[in-house]
Chemist: 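Input: one structure, supplied below.
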Protein chains: 2
Amino acid sequence: MSQTLDRALQVLEFVGERPRRIGDIAARLDVHHSTALRFLHTLRKHGFVQELPDHSYRLGPTMFRLGYQALEGIELRSVARPAMERLRELTGETVHLGSLEDGSVLYVEKVEANHPVRMHSRIGAVARLHCTGVAKGIVAFLPQADRDELLDGYELSRMTDHTIVDRAALEDELALSRERGYALDAEENEPGIHCISAPVFSGEGRVVGAFSVTAPISRVDRQTLLSFAPALVEATRDTSRQLGWQ
Amino acid sequence: MSQTLDRALQVLEFVGERPRRIGDIAARLDVHHSTALRFLHTLRKHGFVQELPDHSYRLGPTMFRLGYQALEGIELRSVARPAMERLRELTGETVHLGSLEDGSVLYVEKVEANHPVRMHSRIGAVARLHCTGVAKGIVAFLPQADRDELLDGYELSRMTDHTIVDRAALEDELALSRERGYALDAEENEPGIHCISAPVFSGEGRVVGAFSVTAPISRVDRQTLLSFAPALVEATRDTSRQLGWQ
DNA sequence: CGCTCAAAGTGCGTAACGTGCAACGTGCCT
DNA sequence: AGGCACGTTGCACGTTACGCACTTTGAGCG
């Protein structure tokens, strides 16, 4: 493995959190500031970082150009989009697509509610495995071994009063989801927000993602949310079929 | 500058175009395949690339996570969003936000038309300077020196029958845009699609971006498009004011 | 105005580490 | 079976990345 590259990638992740100054970066990597400077110059030359007037650095234009190219490369995303839109029309609510990538569940697509309730985009973000709709919709349908691998060592941190923080309770909940064919997030990640989600399968029969319908409790009560289940499951089945499933 | 890092960043850009196999990458960099392999392993360890079943590599989850973080870091984007949404309500058409980053104009935000006409997302893409609404809306309002620097050596490639491929004609068109306060793309980039756009200024009075309203000719005729001008200019003025302009 | 401090940037000697090569194992395709 | 492409490992060489010391720049402040 390459030390230089390894360090430089750490720089990118560090700078990604928020703009950083040379000193911070050098300290973080535990290298001389001239070394950090050399990295930043190279990264800047390629547009991966950008220097701000105050000499701090933030991620640059190449970074989000490539970020979007990475997103375009996900086949699931383009296949799923039409079904997501139909689901939005039927429910009127925001539809998310989560994808399992390297052991993390990421939000990779979103179709927004007609309603003017804004929530900031989650695309690109990591979905918490134990308390988000998309993640539960995926994790519930993994083979037990894969699920164990993912959850072992994963901290079930409390986000709201409803978050399931006990591993055994979570397993029960996931088993229940598996039987029903869909998963729920009942205000487990964010107070006042609940979701219903269902898995998408690839041609080889593996879970590769999930759709979720998200809504504020204030507008959509639990019963209404549950009533979305048939349309949701149909939408994910449709997408799975297009991926060659069954 | 760091040779190792320089090469690795080339790998990322190369892989970003489409999935690549080791052999291609090694050939492209003109290095031994074991060297390319070492890069890929390090990149993969950090999630910047991902290995596909056929041993080719594509961009990975970290890449689009950071891509979105880069986007979030653009102040203009969050400031502009509400005005973009109001503009969409008024016009009913797709509104784009272009931002000037390191001498390139990039699409950084989009609010979609109500109408169900899909066009694939342009976010993260580079806007051609001479024939896209957002870019013309920015370039027209740059100081002459900056405009020259950008356009000198920039190829005015023909995209449609209406594309302006003559530098002098483009300068005239931009001068006209400057007088009017808004720019047009009259099927210059894509047949059947036209746009109207206006610039956003920063607190220091520099152009930093532009809004554009895009629509298919089939639904919106030229006169209707022009009728969007007052609302468009008002939206960009509003955003400029929030950035401290005047 | 000129002091101070922090960070940017430069040049250089040292040795660490990245490089290419060779050899072997594997899976896929013809 | 044979050929091909890729993955993986070990090693010797020398390129190049590293840290240090020094200079320059610029912002803040009395």
Side-chain angles (χ1 to χ4, degrees), chain A residues 1-60 73 75 101-103 202-204 206 244, chain B residues 1-62 73 102-103 202-204 206 244:
Chain A
M1 233 174 341
S2 165
Q3 185 192 60
T4 307
L5 180 52
D6 197 80
R7 285 171 165 171
L9 296 180
Q10 286 180 53
V11 171
L12 279 179
E13 305 215 37
F14 190 56
V15 166
E17 295 169 17
R18 57 189 161 88
R20 304 284 188 174
R21 292 173 312 161
I22 295 258
D24 298 334
I25 296 169
R28 170 62 173 259
L29 296 186
D30 197 26
V31 297
H32 198 268
H33 79 118
S34 64
T35 301
L37 194 66
R38 204 166 335 108
F39 290 154
L40 287 168
H41 282 345
T42 309
L43 290 168
R44 185 178 55 187
K45 181 186 126 193
H46 289 262
F48 281 78
V49 301
Q50 212 173 353
E51 193 171 359
L52 300 179
D54 68 341
H55 287 130
S56 65
Y57 290 80
R58 71 164 187 206
L59 296 179
E75 185 202 358
E101 304 282 336
D102 276 350
S202 74
E204 301 88 49
R206 287 181 292 102
Chain B
M1 234 175 340
S2 166
Q3 186 192 60
T4 306
L5 180 51
D6 197 78
R7 285 171 165 173
L9 296 181
Q10 286 180 52
V11 171
L12 278 179
E13 306 216 37
F14 190 56
V15 166
E17 294 168 17
R18 57 190 162 88
R20 303 285 187 174
R21 293 174 312 161
I22 294 263
D24 299 335
I25 296 169
R28 169 64 174 261
L29 296 186
D30 196 26
V31 296
H32 198 267
H33 81 229
S34 65
T35 301
L37 194 66
R38 207 173 327 109
F39 289 155
L40 288 168
H41 281 344
T42 309
L43 290 168
R44 186 178 55 185
K45 180 186 128 193
H46 289 263
F48 282 79
V49 301
Q50 212 173 353
E51 193 173 357
L52 299 179
D54 69 341
H55 288 132
S56 65
Y57 290 80
R58 70 165 188 206
L59 297 178
T62 303
D102 276 350
S202 74
E204 300 88 48
R206 288 180 292 103

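What you are looking at is a predicted structure, and each value in this text was computed from that prediction instead of being measured. Below, read A as the first sequence line, B as the second, and so on, with proteins coming before strands; counting in each chain starts at 1.
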Chemist: Could you write nucleotides 6-16 of chain C as a row of B, S and -, 5' to 3', where a protein heavy atom under 4.0 Å of any base atom gives B, of only sugar-phosphate atoms gives S, and otherwise -?
Modeler: -SBBB------

Chemist: Hey, does B:Arg28 have a side-chain heavy atom less than 4.5 Å from the side chain of B:Val11?
Modeler: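 The answer is no, as the side chains (C-beta and beyond) never meet within the 4.5 Å cut-off.
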
Chemist: I want to check one thing: is the phosphate of C:dG18, taken as OP1 and OP2, less than 4.0 Å away from some side-chain N or O of B:Thr4?
Modeler: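 Answer is no, no contact under 4.0 Å.
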
Chemist: Starting from the first five and the last five pairs of the helix from C:dC1-D:dG30 to C:dT30-D:dA1, work out the angle between the resulting helix axes, to 10 degrees.
Modeler: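 End axes: 60° apart.
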
Chemist: Are any of the side-chain nitrogens in B:Arg44 or A:Asp102 under 4.0 Å away from the carboxylate oxygens of its partner?
Modeler: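 Answer for the salt bridge query: no.
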
Chemist: Write down the distance between CG (B:Asp6) and P (D:dT16), rounded to a whole number of angstrom.
Modeler: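 One finds 12 Å between P of D:dT16 and CG of B:Asp6, rounded.
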
Chemist: Should the pair B:Glu13-A:Lys45 be classified as a salt bridge under the 4.0 Å nitrogen-to-oxygen rule?
Modeler: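 Result for this pair is no, no salt bridge flagged.
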
Chemist: Check A:Ala36 against A:Val31 and note the closest heavy-atom contact, atom names and distance.
Modeler: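 Taking A:Ala36 first and A:Val31 second, the nearest heavy atoms are N-CG2, 4.2 Å.
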
Chemist: Step by step, work out the side-chain contact (heavy atoms from CB on, under 4.5 Å) result for A:Phe48 and B:Leu12.
Modeler: CA-CA 11 Å; A:Phe48 281 78; B:Leu12 278 179; 3.8 Å; yes

Chemist: For B:Asp30, look at atom CG and say whether over 12 heavy atoms of other residues, nucleotides or ligands are found less than 6.0 Å away.
Modeler: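 No, because the 6.0 Å sphere around CG of B:Asp30 holds 12 heavy atoms or fewer from other groups.
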
Chemist: So, A:His41 versus A:Arg38: side-chain donor-acceptor pair below 3.5 Å or not?
Modeler: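 No, no side-chain donor-acceptor pair sits under 3.5 Å.
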
Chemist: Taking the side chain from A:Thr42 and the backbone from B:Ser2, do they hold a donor-acceptor pair closer than 3.5 Å?
Modeler: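 Checked: pair present.
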
Chemist: OP1 or OP2 of C:dG18 sitting under 4.0 Å from any side-chain N/O of B:Arg38?
Modeler: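 Indeed not, no polar side-chain atom of B:Arg38 lies that close.
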
Chemist: Give the rounded distance in Å between these two atoms: CZ of A:Arg7 and P of D:dT16.
Modeler: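 Rounded to whole Å, this separation is 18 Å.
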
